[in-house]
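Quick note: residue numbers are just sequence positions, from 1.
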Amino acid sequence: MKKQRIKRSYKDTVFTFLFKHEKYCLELFKTFNPHEEATEDDIKIITIRPILLNGIYNDLGILVKNKIILLAEAQSTWSEIIVWRMFGYLADSYNKYFIENKISLYNSKHKDFPKPELFVIYTGDKMISKEEISLNELYFDGKGTIDIRVKIITRENIKKILSKNNIVSQYINFTDVSNENVKKYGRTKEALKKIIDECIEKNILKEFMKENRKEIIDIMDVLYNDDVIMESYEHEIREEGREEGREEGMINILVRQFKDKKISAKEGADYLGVAIEKFLELVK
């Protein structure tokens, strides 16, 4: 039986597609900064990576006047290590900002740098009690010399953190509607159409759904197909790894898949969560 090749989609998720539109980024900014004036002309999208490989986290970065807002969406898996991801994301964003604005870090002249605001939206089922996580507190017992703080937004705490019926709460409601319909109808075209119809009926991202109906259905259809393929592939990897009876079983399977040209070096590296260079060292 031919082995199923791993497939990853580099297309948008609904999250990144929504926030490719400046008008919705503006709504997002006003959600986090309700007392500040801004227009669509003030919005600059600075997302570095639109989607984390494996489809677990989606990233959004926007620069609005004197603020950098970084937002990650955790679709199904929660880990506090997201704070490291946001730390690297913030550093990359500032580095890009310095280069684009020709700011030298080797002189003593003071610059008014944009202020960072960091958020993660968690839409999975695990209960998260914290409303904020700190890099310094989590990994250095509060004694480190570096720190960032990331606010956590969940369906349970959103009313305490943000104003009512904002675009973030609507997006979370959309994920809930999606999950409910998939439970009823499976990962089918029927489910996709019912998700869109129900969101429009309940005024959940209504304008966005009506204007982009076909694109949203296409995006979700691709994501559903990718999820099925990924689950099949991961099962195969686990089974073969168990048969080999040693800890390095998964690595050996991935290396063999690469040598058989069934996956790319990037796909193997992504699965292991290592750099491509590191993966290539394993296959020598």
Problem - Electrostatic pair K130-E80, nearest N-O below 4.0 angstrom - result: yes
Exercise for the section: Report yes if some heavy atom in the side chain of I153 is under 4.5 Å from a heavy atom in the side chain of Y122; otherwise report no. Expected result: no
Practice task
Can you establish whether the number of heavy atoms outside K65 located under 6.0 Å from its atom NZ is more than 12?
Solution key: yes
Problem - N95 (side chain) donor-acceptor with A91 (main chain) under 3.5 angstrom - result: no
Fill in the blank from the handout: Closest non-hydrogen atoms of A191 and G186, given as atom of the first, atom of the second and distance, are CB-O, 3.2 Å
Fill in the blank from the handout: Between Y94 and K115, the two heavy atoms sitting closest are OH-C, 4.1 Å
Handout entry: Heavy-atom pair with the smallest gap, counting every atom of I81 and Y139
Key = CA-OH, 3.3 Å
Fill in the blank from the handout: CH2 (W84) and CD1 (I133) are apart, to the nearest 0.5 Å, by 12.0 Å
Fill in the blank from the handout: The reported gap from CD in E40 to NE2 in H21 (rounded to nearest 0.5 angstrom) is 10.5 Å
Exercise for the section: Would you check if the side chain of N157 reaches a backbone N or O of T154 as a donor-acceptor pair within less than 3.5 Å? Expected result: yes
Problem - Residue list, side-chain hydrogen bond (donor to acceptor under 3.5 Å, both in side chains) with N33, at least two apart or on another chain - result: K67, E117
Problem - Taking every non-hydrogen atom, the tightest pair across R155 and T123 - result: NH2-O, 3.2 Å
Problem - Side-chain heavy-atom pair L118, Y89 within 4.5 angstrom cut-off - result: no
Practice task
Using the rule that two of Ile, Leu, Val, Met, Phe, Trp, Tyr join whenever any of their side-chain heavy atoms come within less than 4.5 Å, decide whether I216 and Y185 are in one cluster.
Solution key: no
Handout entry: Single-linkage hydrophobic cluster, 4.5 Å side-chain cutoff, W78 and I148 together
Key = yes
Exercise for the section: In sequence, state the C-alpha distance, the side-chain angles, and the governing distance for V150 and F119, and then conclude on side-chain contact (heavy atoms from CB on, under 4.5 Å). Expected result: CA-CA 5 Å; V150 181; F119 304 88; 5.6 Å; no
Problem - Under-4.0 Å salt bridge between E131 and K151 - result: no
Problem - Sequence neighbours excluded, every pair satisfying salt bridge (charged side-chain N to carboxylate O under 4.0 Å, His left out) that has a member inside residues 165-175 - result: none
Handout entry: Worked check of side-chain contact (heavy atoms from CB on, under 4.5 Å) between S134 and V83
Key = CA-CA 7 Å; S134 158; V83 73; over 6 Å; no
Exercise for the section: Please list, chain by chain and in numerical order, all residues satisfying side-chain hydrogen bond (donor to acceptor under 3.5 Å, both in side chains) with N212, sequence neighbours excluded. Expected result: none
Practice task
List the steps and the verdict of side-chain contact (heavy atoms from CB on, under 4.5 Å) for I62 and C25.
Solution key: CA-CA 8 Å; I62 58 175; C25 286; 3.8 Å; yes
Exercise for the section: Could you tell me whether E37 and K30 have a side-chain N and a carboxylate O separated by less than 4.0 Å? Expected result: no
Problem - Close side-chain approach of L60 and L70, heavy atoms under 4.5 Å - result: no
Exercise for the section: Can you sort out the partners of E215 under salt bridge (Lys or Arg N to Asp or Glu O under 4.0 Å), two or more places apart, ordered by chain and number? Expected result: none
Practice task
Could you tell me whether the side chain of V120 reaches within less than 4.5 Å of the side chain of E73, counting heavy atoms only?
Solution key: no
Exercise for the section: Would you indicate whether the side-chain heavy atoms of Y97 and I103 approach each other to under 4.5 Å? Expected result: yes
Exercise for the section: Using modelled atom types only, decide if a donor and an acceptor are shared between the side chain of D147 and the backbone of N136 within a distance under 3.5 Å. Expected result: yes
Practice task
Name all residues meeting the side-chain hydrogen bond (donor to acceptor under 3.5 Å, both in side chains) criterion together with K44; count only those two or more places apart in sequence or in a different chain, and write none if there are none.
Solution key: E100
Problem - Validation row: K189, I217 side chains within 4.5 angstrom (heavy atoms) - result: yes
Problem - Over all atoms of both residues, closest heavy-atom pair of I45 and K20 - result: CD1-O, 3.7 Å
Practice task
Show your working on ring pair (Phe, Tyr, Trp, His ring centres under 6.0 Å) between F15 and Y171 and close with a plain yes or no.
Solution key: CA-CA 8 Å; F15 178 86; Y171 179 75; 5.4 Å; yes
Problem - Same cluster (ILVMFWY, side-chain, under 4.5 Å), L63 and I99 - result: no
Exercise for the section: Hey, could you give me the CD1/NZ distance between I68 and K96, rounded to the nearest 0.5 Å? Expected result: 10.5 Å
Exercise for the section: Report the C-alpha separation of F113 and F98 in whole Å, then their side-chain angles, then the decisive distance to 0.1 Å, and conclude whether the ring pair (Phe, Tyr, Trp, His ring centres under 6.0 Å) test is met. Expected result: CA-CA 9 Å; F113 300 131; F98 296 149; 5.3 Å; yes
Exercise for the section: Determine, stepwise, if the pair E180 / K194 fulfils salt bridge (Lys or Arg N to Asp or Glu O under 4.0 Å). Expected result: CA-CA 10 Å; E180 289 167 6; K194 286 185 177 296; over 6 Å; no
Problem - T47 side chain to D59 side chain, donor-acceptor N/O pair below 3.5 angstrom - result: no
Practice task
Keeping the roles fixed (side chain from K202, backbone from V177), state whether a donor-acceptor pair exists under 3.5 Å.
Solution key: no
Fill in the blank from the handout: For D218, the side-chain hydrogen bond (donor to acceptor under 3.5 Å, both in side chains) test, sequence neighbours excluded, returns K214
Handout entry: From NZ (K183) to OG (S178), nearest 0.5 Å
Key = 12.0 Å
Exercise for the section: Using the rule that two of Ile, Leu, Val, Met, Phe, Trp, Tyr join whenever any of their side-chain heavy atoms come within less than 4.5 Å, decide whether I172 and M127 are in one cluster. Expected result: no
Handout entry: Spacing of L26 atom CG and I43 atom CD1 [to the nearest 0.5 Å]
Key = 5.0 Å
Problem - Gap separating the CZ atom of F32 from the CD1 atom of I167, nearest 0.5 angstrom - result: 10.0 Å
Handout entry: R213 side chain reached by I200 side chain, heavy atoms, under 4.5 Å
Key = yes
Exercise for the section: Would you check if there is a donor-acceptor pair between the side chains of E27 and N166 at a distance under 3.5 Å? Expected result: no
Problem - Short side-chain to backbone donor-acceptor contact, N203 and K206, under 3.5 Å - result: no
Problem - Q170 side chain near Y24 side chain, heavy-atom distance below 4.5 Å - result: no
Handout entry: Over all atoms of both residues, closest heavy-atom pair of L71 and M86
Key = N-CE, 4.3 Å
